[in-house]
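These notes are about the structure you will find just below.
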Amino acid sequence: GAILANVPVVNMAGAEGFIGIISHFGISNGLFPLLIFMGVGAMTDFGPLIANPKTALLGGAAQFGIFGSLVGAAALSQYTGMVDFTLQQSAAISIIGGADGPTSIFIANRLAPEMLGTIAVAAYSYMALVPVIQPPIMRALTTEEERKIKMPSLRKVNRMEKLALPIIILMLAILFLPESTLLIGAFAFGNFAKESGVVERLNETMQNSLINIVTIFLGLGVGSKLAADKFLVLDTMGVMIIGLLAFSAGTAAGVLMAKVMNKFSPKDKQINPLIGAAGVSAVPMAARVVSKEGQKYDSSNILLMHAMGPNVAGVIGSAVAAGVLLSIFK
């Protein structure tokens, strides 16, 4: 997409160009991120979160990276003069800390469309680099004994609980943070269609062909925003650095929250702090990284399903954070 946007003469990123048309169709109006959220909802299992609801706190703590980097980006612009970001641009950059590509694109399109390409590249780069960035942070903040903590098996969650949760989440969003309803509504719809068990053909489409097609168009559409004269500038480096710090801070906050929760938990209900790193929104990559890291210290310690609780909570948390930013800065 970026290469096509910079082909001279033909102007593929223009209003009538190939990738320009794609961008106008699904990026400028926010359609593609919503369709991807629908597919992610269809692929998500709320069971681990329902079985151990306190792990939602880990997903919430991981959003610290978003709000911390918002303050950092604003302060960097205000006091150093190294970069010149408005509050709206700082808010759009900060959402990178949630490691959620579709949400980053959705927010950037609303608050800082001129930076959409840069923010999307940063968000997806750090999502891809989860296995590289997170493990050193997890090791630095935990002891070997903590990494070996075994958590009890999760209880079996019944179907009615799984059917009720997306509806409850949607109703709460409508009542308390309507700005987040677009993202959470798409996510809840996809999940409800999956858990209903009566529209399997639509569920399969959302999980596979639809999300794959939209991902192709999303990549090409974002590429249309990567003209060299706008992307290869100093501000791009600032966005990448702030995004990395935001993502790292979110990972660290999730791990530290788990350690704090252990201070108030009995010995037989201790949380392995590694699962706090899964509180970022990179589903299911972050949960897999947590599981792999835990097995390095005890091959019999299976953390994957435990990590899916905060991982799913992180998806909801990033959508809520997006709603908060929109309500303040739009």
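Because the structure is a prediction, the values reported are computed rather than measured. Quick note: numbers below take in every heavy atom, side chains included, and nothing from hydrogens, waters or symmetry partners.
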Non-hydrogen side-chain atoms of [X] and [Y] separated by less than 4.5 Å:
{"X": "Met115", "Y": "Ile93", "value": "yes"}
{"X": "Thr236", "Y": "Leu232", "value": "no"}
{"X": "Leu326", "Y": "Ile107", "value": "yes"}
{"X": "Phe25", "Y": "Phe32", "value": "yes"}
{"X": "Asn272", "Y": "Lys150", "value": "no"}
{"X": "Lys259", "Y": "Asn262", "value": "no"}
{"X": "Phe192", "Y": "Glu195", "value": "no"}
{"X": "Leu226", "Y": "Val121", "value": "yes"}

Kindly give the heavy-atom pair with the smallest separation between [X] and [Y], and that separation in Å.
{"X": "Gly30", "Y": "Asn109", "result": "N-ND2, 4.0 Å"}
{"X": "Gln63", "Y": "Gly279", "result": "NE2-O, 3.6 Å"}
{"X": "Pro310", "Y": "Leu58", "result": "CB-CB, 3.8 Å"}
{"X": "Ala74", "Y": "Ser90", "result": "N-OG, 3.7 Å"}
{"X": "Ile36", "Y": "Pro102", "result": "CG2-CG, 3.5 Å"}
{"X": "Pro284", "Y": "Asn311", "result": "CA-OD1, 3.6 Å"}

If we ignore hydrogens and angles and just use 3.5 Å, is the side chain of [X] paired with the main-chain N or O of [Y] as donor and acceptor?
{"X": "Ser94", "Y": "Ala91", "value": "yes"}
{"X": "Ser248", "Y": "Leu244", "value": "yes"}
{"X": "Ser77", "Y": "Phe85", "value": "yes"}
{"X": "Asn6", "Y": "Ala2", "value": "yes"}
{"X": "Tyr297", "Y": "Ile149", "value": "no"}
{"X": "Ser23", "Y": "Ile19", "value": "no"}
{"X": "Thr143", "Y": "Glu146", "value": "yes"}
{"X": "Asn208", "Y": "Glu204", "value": "yes"}
{"X": "Lys194", "Y": "Thr44", "value": "yes"}

Check your understanding: Salt-bridged, Arg155 to Glu161, with N to O below 4.0 Å?
Key ->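 A salt bridge links Arg155 with Glu161.
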
Review point. Is a salt bridge present between Glu179 and Lys330, judged by a nitrogen-to-oxygen distance below 4.0 Å?
Key: no

Within one Ile-Leu-Val-Met-Phe-Trp-Tyr cluster: [X] and [Y], side-chain cutoff 4.5 Å:
{"X": "Met138", "Y": "Met305", "answer": "no"}
{"X": "Val315", "Y": "Leu182", "answer": "yes"}
{"X": "Val239", "Y": "Leu245", "answer": "no"}
{"X": "Ile66", "Y": "Met257", "answer": "no"}
{"X": "Leu177", "Y": "Met171", "answer": "no"}

Quick one: do the [X] and [Y] side chains pair a donor with an acceptor below 3.5 Å?
{"X": "Ser265", "Y": "Gln270", "value": "no"}
{"X": "Thr118", "Y": "Lys230", "value": "no"}
{"X": "Gln89", "Y": "Glu114", "value": "yes"}

So how far is it from [X] [atom1] to [Y] [atom2], rounded to the nearest 0.5 Å?
{"X": "Leu70", "Y": "Leu87", "atom1": "CG", "atom2": "CG", "result": "7.5 Å"}
{"X": "Met12", "Y": "Ile21", "atom1": "CE", "atom2": "CD1", "result": "11.5 Å"}
{"X": "Met308", "Y": "Thr55", "atom1": "CE", "atom2": "OG1", "result": "10.5 Å"}
{"X": "Asn212", "Y": "Thr205", "atom1": "CG", "atom2": "OG1", "result": "11.0 Å"}
{"X": "Ile27", "Y": "Leu116", "atom1": "CD1", "atom2": "CG", "result": "6.5 Å"}
{"X": "Gln134", "Y": "Leu274", "atom1": "CD", "atom2": "CG", "result": "10.5 Å"}

Review point. Taking Glu293 as the fixed residue, which of Arg139, Arg147, Lys148 is the one that meets the salt bridge (charged side-chain N to carboxylate O under 4.0 Å, His left out) rule?
Key: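 When salt bridge (charged side-chain N to carboxylate O under 4.0 Å, His left out) is applied between Glu293 and each of Arg139, Arg147, Lys148, only Arg139 qualifies.
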
Whether over 12 other heavy atoms sit under 6.0 Å from [X] [atom1]:
{"X": "Leu175", "atom1": "CG", "result": "yes"}
{"X": "Phe64", "atom1": "CZ", "result": "no"}
{"X": "Asn11", "atom1": "CG", "result": "yes"}
{"X": "Lys269", "atom1": "NZ", "result": "no"}

Practice item. Show the numbers, then the answer: is there a side-chain contact (heavy atoms from CB on, under 4.5 Å) between Val255 and Ile137? Key: CA-CA 9 Å; Val255 174; Ile137 298 172; 5.6 Å; no

Practice item. Begin from the C-alpha positions of Ile96 and Ile119 and carry the test side-chain contact (heavy atoms from CB on, under 4.5 Å) through to its verdict. Key: CA-CA 7 Å; Ile96 298 170; Ile119 289 170; 4.0 Å; yes

Exercise for review: Establish, yes or no, whether a centroid distance under 6.0 Å links the rings of Phe187 and Phe46.
Suggested key: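 Yes.
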
Check your understanding: Can you list the steps and then say if Ile105 with Val222 is a side-chain contact (heavy atoms from CB on, under 4.5 Å)?
Key -> CA-CA 9 Å; Ile105 292 171; Val222 168; 3.8 Å; yes

Exercise for review: Take Phe329 and Arg110 through the side-chain contact (heavy atoms from CB on, under 4.5 Å) test and state the conclusion after the steps.
Suggested key: CA-CA 10 Å; Phe329 296 109; Arg110 297 291 188 91; over 6 Å; no

Review point. Among Val214, Leu218, Leu220, Ile213, which residue meets the side-chain contact (heavy atoms from CB on, under 4.5 Å) test with Ile216?
Key: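 Answer after filtering Val214, Leu218, Leu220, Ile213: Leu220.
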
Check your understanding: Out of Ile316, Asp100, Thr103, which residue meets the side-chain contact (heavy atoms from CB on, under 4.5 Å) rule with Leu183?
Key ->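 Testing each of Ile316, Asp100, Thr103 against Leu183, the sole residue satisfying side-chain contact (heavy atoms from CB on, under 4.5 Å) is Thr103.
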
